[in-house]
> 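Can you keep this structure in mind? I'll have questions shortly.
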Amino acid sequence: MPYLILSDIHANLEALHAVLDDARGRYERILCLGDLVGYGADPNPVVEWARSNVDVIVRGNHDKDCSEAGPLDHYRSIAAVSAVWTRGQLTASNIEYLRALPRGPLRYEGIDLVHGSPADEDEYLLMESEAAAIRPYLETQATFFGHTHMQGGFLVAPRGVRELIPESFQLEPDYFYLLNPGSVGQPRDGDPRAAYILFDRDRGLVEFRRVEYDIETAARKIRQAGLPEGLALRLAVGG
Ligand code: ZN
C-alpha cells in the first residue's frame, strides 16, 4: 500500500479534508513535509489532526516560526502578520508539538523527507540548476520535498537534471528523484486544487494528485479571522 505524502497544509482544513477523502483507502501511512500552519485560519484543528494521524513528519519554516517567539523580519509582511496571528491562536500543547518537530532530512524506509532541500530546510528548489547543486546531498533514490508549493520536482540523472511534469510514473534505477507533492493548502503553481502524492515504495510508483476543495469556505474563514485579504484571494488563483 502506498504512502500518502503531504506538504504545506498551511492551516487549510477544507483542503486537508478534500485530500483525505480523495485518497481514502489508498494508503497505509501518512508522511508530511512540514508547514502544517501559517496563512490559513485553522491552525489548531490541523495540528491536532497531524498529532493523531501523521506517521512521520519534518518541520517547516512556518511550524518553527509560529511556535517560537523569535523575530519575523525574514518574512514578507503578509507572512509575518499570519505568523503573529497563528502564535496567538495555537494552544500550549500544539505549540509544544510544533517546537518538537524534527528538522529534515529525515530518513524513513529508504526515502528521505525534507521541507526545503536536503542541504537546507529553508532552501527553495525551483530551478533545475538549484536541483543540480544539491546532487551531492542525495543519498536515497527518492527525496520528497515541499516549501515551494509547486507540484512536480526533478529527475537527477548522471548527465544532468530535468524538471518533472507532475504525472504518474515509475522510478527507474540509476536516477535520483526529487519529488514535490505540491501544497495541500496554498498551491502556487497556477492550479488552485489541493495537491498531494501517493507513493508506492515497493513498486516505485509515484502518483501526483490534485483535488478540488471548498475554497470559498477556506477564504471566508481567513477573512473572518482578520487575516490579510491577499491570503484569501490567492487560494482561488493558486498563485
Ligand atoms: Zn509552505
Side-chain angles (χ1 to χ4, degrees), residues 4-16 18-19 30-43 45-47 49-50 54 57-68 70 72 74-87 89-90 94 97-99 101-106 113-126 130 143-153 166 178-197 208 210 213 215 218-219 222 227-228 230-235 237-239:
L4 173 61
I5 303 186
L6 308 178
S7 192
D8 298 281
I9 300 168
H10 283 296
N12 186 335
L13 196 62
E14 286 69 33
L16 174 62
V19 163
I30 301 178
L31 317 186
C32 181
L33 309 176
D35 278 1
L36 293 172
V37 300
Y39 300 136
D42 278 314
V46 168
V47 173
W49 168 82
V54 170
I57 180 168
V58 293
R59 72 178 183 186
N61 50 311
H62 287 261
D63 302 323
K64 184 177 44 172
D65 290 323
C66 291
S67 62
E68 286 171 2
L72 296 165
H74 53 293
Y75 277 128
R76 290 173 305 128
S77 66
I78 201 167
V81 168
S82 100
V84 169
W85 180 86
T86 302
R87 285 174 179 178
Q89 297 293 311
L90 286 167
N94 286 340
Y97 169 81
L98 290 173
R99 270 198 201 145
L101 290 180
R103 174 196 191 122
L106 191 71
L113 309 176
V114 304
H115 182 61
S117 102
D120 176 349
E121 63 179 343
D122 293 336
E123 180 182 8
Y124 288 90
L125 291 180
L126 288 162
E130 292 160 342
T143 298
F144 290 86
F145 73 105
H147 194 39
T148 65
H149 300 208
M150 314 273 279
Q151 193 178 51
L178 282 158
L179 298 165
N180 189 333
S183 170
V184 171
Q186 195 200 72
R188 292 179 194 160
D189 49 13
D191 182 343
R193 294 175 299 167
Y196 69 99
I197 280 178
F208 290 98
R210 298 303 281 243
Y213 73 96
I215 290 177
I222 286 171
L227 285 161
L231 293 173
L233 289 173
R234 74 186 306 174
L235 296 181
V237 289

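As the structure lists them, so they are numbered: ligands from 1, and atoms in each ligand from 1.
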> Measuring from Asp65:CG to Arg59:CZ, what's the distance to the nearest 0.5 Å?
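Between atom CG of Asp65 and atom CZ of Arg59 there are 9.0 Å.
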> Go through Asp189 and Arg210 one step at a time and tell me if the salt bridge (charged side-chain N to carboxylate O under 4.0 Å, His left out) criterion holds.
CA-CA 12 Å; Asp189 49 13; Arg210 298 303 281 243; 2.9 Å; yes
> Is there a donor-acceptor contact under 3.5 Å from the side chain of His149 to the main chain of Gly182?
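Not at all, since once roles are kept as given, no pair shorter than 3.5 Å links the two residues.
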> Tell me the closest heavy-atom pair linking Gly190 and Pro192, and the distance in Å.
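Closest heavy-atom pair between Gly190 and Pro192: O-CD, 3.7 Å.
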> Sorted by chain and residue number, which protein N/O/S atoms are under 2.8 Å from the Zn ion (ligand 1)?
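Within the sphere that stays under 2.8 Å of the Zn ion (ligand 1), the protein atoms of type N, O or S are Asp8 OD1, His10 NE2, Asp35 OD2, His149 NE2.
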> Of the non-hydrogen atoms in Ala219 and Leu235, which two are nearest, and what is the gap between them?
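Scanning both residues completely, I find the closest heavy atoms to be N-CD1, 4.1 Å.
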> Would you mind telling me which of Asp122, Asp35, Asp63 makes a side-chain hydrogen bond (donor to acceptor under 3.5 Å, both in side chains) with His115?
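Of Asp122, Asp35, Asp63, side-chain hydrogen bond (donor to acceptor under 3.5 Å, both in side chains) with His115 is met by Asp35 alone.
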